[in-house]
K.L.:
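One structure is given below, represented as structure tokens, and several questions about it will come after.
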Amino acid sequence: MEGNEMSVAFENRTFNRRSALGGGRMACTLVTGFLGSGKTTLLRHILDNRGDLRIAVLVNEFAGSDVDSLLLDSSRINSAFNLSTVALTHGCACCDVKGPFRDALQRIVDSKHNFDCLLIETSGLARPDMFVAQLEEVGIHLDLTITVVDAESLDKVVKIDIVKKQLEHVDLVLLNKCDLATLGQISDAEDILERLTGNAKVVRSQFCKVPLDLVIDCSKIEALSLPEEECNSVLPVLSHEALPKMRFRRNVFGNTSVAVSSLNNTSNHPAVSSDKNNADDSGSGLSHGEFFSSVTFQSEVPLSLAMFQSEVLPRMRNSCRLLRAKGIIWFAEDRGTRFVFQWSGVKRIEAVSGQPWDTVPKSCLVLIGIDSSELEDIFVCLSRSTDPPKIFLDGGLAKEYARQFFQLISKDGRFKEPSLEKEPLVIFGVKGSPLRGIKESQLSGALMRIVNAKGNIFLTATTSAEEYNLQLFFDGVSDPQKAWDEVRLAASAVISKLCKNFCPCRSDLAAHVH
Ligand SMILES: Nc1nc2c(ncn2[C@@H]2O[C@H](COP(=O)(O)OP(=O)(O)OP(=O)(O)O)[C@@H](O)[C@H]2O)c(=O)[nH]1
């Protein structure tokens, strides 16, 4: 099948939508995809561009905490009148479709909001086919099933049963993260998708930025907006607190400021029995619901950034069985900043600050993997970083190293003027090139991903409407020259990739002369 050709299934969906064959029922887009492939990124893209559409959102989380709502900033989104989110935590909705998931669907149908469509983000470990019957029963029309795939890591995860299942029942595949993958990886991924999906439509994407009418039913997009007074009077009708909780195992470690919950889909969870009984799941490899574990780390005491980068991250990197980590982190060395931490795909790591704290600062990090003892090791390491030993607190030496790095970076014209305003954090960034349409955020974001993937130093990013800055924290044991070499080489790689249309003799220093 040609990459951009309409598949039969996808054409049928589009035809049904245009001919109103949904019978006037609320249309639903089901978003699936393996852990970290970009489902929440797609949701955010849809919500940011939804215009007048009233969208109900159901987010199903495998882990025992509602981290996706934190990452989606659902309180802000909910304050808009045309959206309601429900988070289903503590398990796969597909394993318990008759419980909270079914209740939540019924509430959406019964609500007075007259939603135009429903978006369901399933957990990265959910089977899409399990949802279909429930949707039909409550009178919701399944318009489209989308699977988001990480182009860079598909060849590694495709052996997992659940990934194959997610590709069997799909109308549209978003082959995402094409900015990270090589052309060879993209074309290999397309071959795999052709083999596994048969006739689904495959669309390449970066950060899931695709036209909205490809992914949701936009036939009602021109619906009349409610007058403003009416908008303000509509309260969010749905709240995950109101949902019955699924059962999960809870282990409490010694440190009382820190709590851990773990879900080990073993015999105490209804998911397993329903799953084991399913003959389809008896294949080889990792099968759904049997081996995946999650651990949730929560702390009201800030973590030491020095220890996080020198102890926690190496432990995460050395783990072959950690598949996903995400959450909010509060660092002692940068208390005013709320970092969103993401670990996904082939050890891609991001720590980006977005909006300021709107609640009491705390950390909440979910780890998902296939070996609970490795997850617990990382958990213990995280707990230790709430109380760092003295060596990490040697401010004098750290400041000296930060100044040396500052001097080195100041001499390189590809970078903006750095700052020592939060010493021993050095704040810097690659210059954008507005004339060529290349933003600071693209270059600095790509630089952060390259450096963090190598794992020798750890960059965090702070963003505002105008600026995208990187931060490098120095402790008493960092080597500023080595850190600079890492950053310099990564900057050359990023600039030559993103600015490759420019004269090669100028691609290093002059890439940003406007
Ligand atoms: N470079 C790059 N990063 C991406 C892209 N799409 C998503 N990401 C990043 O990948 C990470 C995971 O994305 P999410 O949207 O949270 O993935 P998810 O599928 O919702 O994850 P789970 O719900 O935990 O399974 C985040 O750091 C995203 O910013 C992309 O196209 N390119």
Side-chain angles (χ1 to χ4, degrees), residues 40-41 44 48 67 70-73 76 207 302-310 312-313 325-344 348-365 385 398-399 401-403 405-406 408-410 412 414-434 438-453 457-475 478 480 483-484 486-488 490-491 494 498 512:
T40 308
T41 305
R44 197 179 288 117
D48 286 348
V67 167
L70 290 175
L71 303 182
L72 263 176
D73 189 15
R76 183 178 60 78
F207 292 95
L303 304 192
S304 150
L305 175 53
M307 273 192 79
F308 187 82
Q309 62 186 27
S310 63
V312 178
L313 280 178
K326 59 180 174 180
I328 307 293
I329 307 191
W330 183 31
F331 288 121
E333 293 87 341
D334 198 359
R335 286 171 182 256
T337 308
R338 174 187 189 268
F339 284 101
V340 171
F341 180 83
Q342 296 273 7
W343 163 293
S344 64
R348 293 285 177 184
I349 303 162
E350 281 184 12
V352 182
S353 83
Q355 80 265 32
W357 293 105
D358 52 4
T359 52
V360 179
K362 67 169 195 172
S363 300
C364 178
L365 196 62
S385 61
K399 284 183 182 167
Y401 289 156
R403 281 173 213 156
F405 182 85
F406 175 87
L408 290 165
I409 204 164
S410 303
D412 192 319
R414 300 171 300 173
F415 290 87
K416 302 186 291 184
E417 189 59 42
S419 157
L420 281 174
E421 173 195 318
K422 294 200 228 165
E423 201 179 43
L425 271 168
V426 184
I427 303 169
F428 64 97
V430 187
K431 285 179 189 162
S433 179
I438 301 171
K439 293 185 189 149
E440 261 177 47
S441 57
Q442 273 173 282
L443 289 160
S444 293
L447 176 68
M448 172 175 63
R449 286 188 279 274
I450 291 187
V451 167
N452 287 352
I457 55 174
F458 174 52
L459 295 181
T460 55
T462 57
T463 61
S464 66
E466 307 82 41
E467 282 197 297
Y468 190 102
N469 287 316
L470 297 172
Q471 301 191 135
L472 178 56
F473 174 77
F474 283 87
D475 54 33
S478 323
W484 168 236
E486 288 274 335
V487 170
R488 183 173 58 83
V494 164
L498 292 180
H512 300 290

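Just so it is clear, the values below take in all heavy atoms, side chains as well, and ignore hydrogens, waters and symmetry mates. Residue numbers count from 1 along this sequence.
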K.L.:
Among all residues two or more places apart in sequence or in another chain, which pass the side chain to side chain donor-acceptor pair (under 3.5 Å) test with S441?
P.N.:
none
K.L.:
Which value, rounded to the nearest 0.5 Å, describes the distance between Q309 atom CD and S385 atom OG?
P.N.:
11.5 Å
K.L.:
Residues in side chain to side chain donor-acceptor pair (under 3.5 Å) with R335, at least two apart?
P.N.:
none
K.L.:
Using the ring-ring contact (aromatic ring centres under 6.0 Å, His included) criterion, which residues pair with F405? Sequence neighbours excluded.
P.N.:
F428, F474
K.L.:
Just jot down the side-chain contact (heavy atoms from CB on, under 4.5 Å) partners of I349, sequence neighbours excluded, or say none.
P.N.:
L313, R317, F341, W343, N452, F458
K.L.:
Is the closest side-chain heavy-atom distance between L443 and I438 below 4.5 Å?
P.N.:
yes
K.L.:
Mind checking side-chain contact (heavy atoms from CB on, under 4.5 Å) for E350 and listing every partner two or more places apart, or none if nothing turns up?
P.N.:
Q342, V352, M448, R449
K.L.:
Kindly say whether L305 contributes a backbone atom to a donor-acceptor pair with the side chain of E333 at under 3.5 angstrom?
P.N.:
yes
K.L.:
F308 and ring-ring contact (aromatic ring centres under 6.0 Å, His included): which partner among F339, W330, F331?
P.N.:
F331
K.L.:
With sequence neighbours left out, what residues match R488 under salt bridge (charged side-chain N to carboxylate O under 4.0 Å, His left out)?
P.N.:
D485
K.L.:
E423: which residues meet the side chain to side chain donor-acceptor pair (under 3.5 Å) condition with it, sequence neighbours left out?
P.N.:
R403
K.L.:
Using salt bridge (charged side-chain N to carboxylate O under 4.0 Å, His left out) as the criterion, list what pairs up with K422, not counting sequence neighbours.
P.N.:
D334
K.L.:
Going by the rule side chain to side chain donor-acceptor pair (under 3.5 Å), which residues pair with E440 if we only count those two or more places apart in sequence or in a different chain?
P.N.:
K416
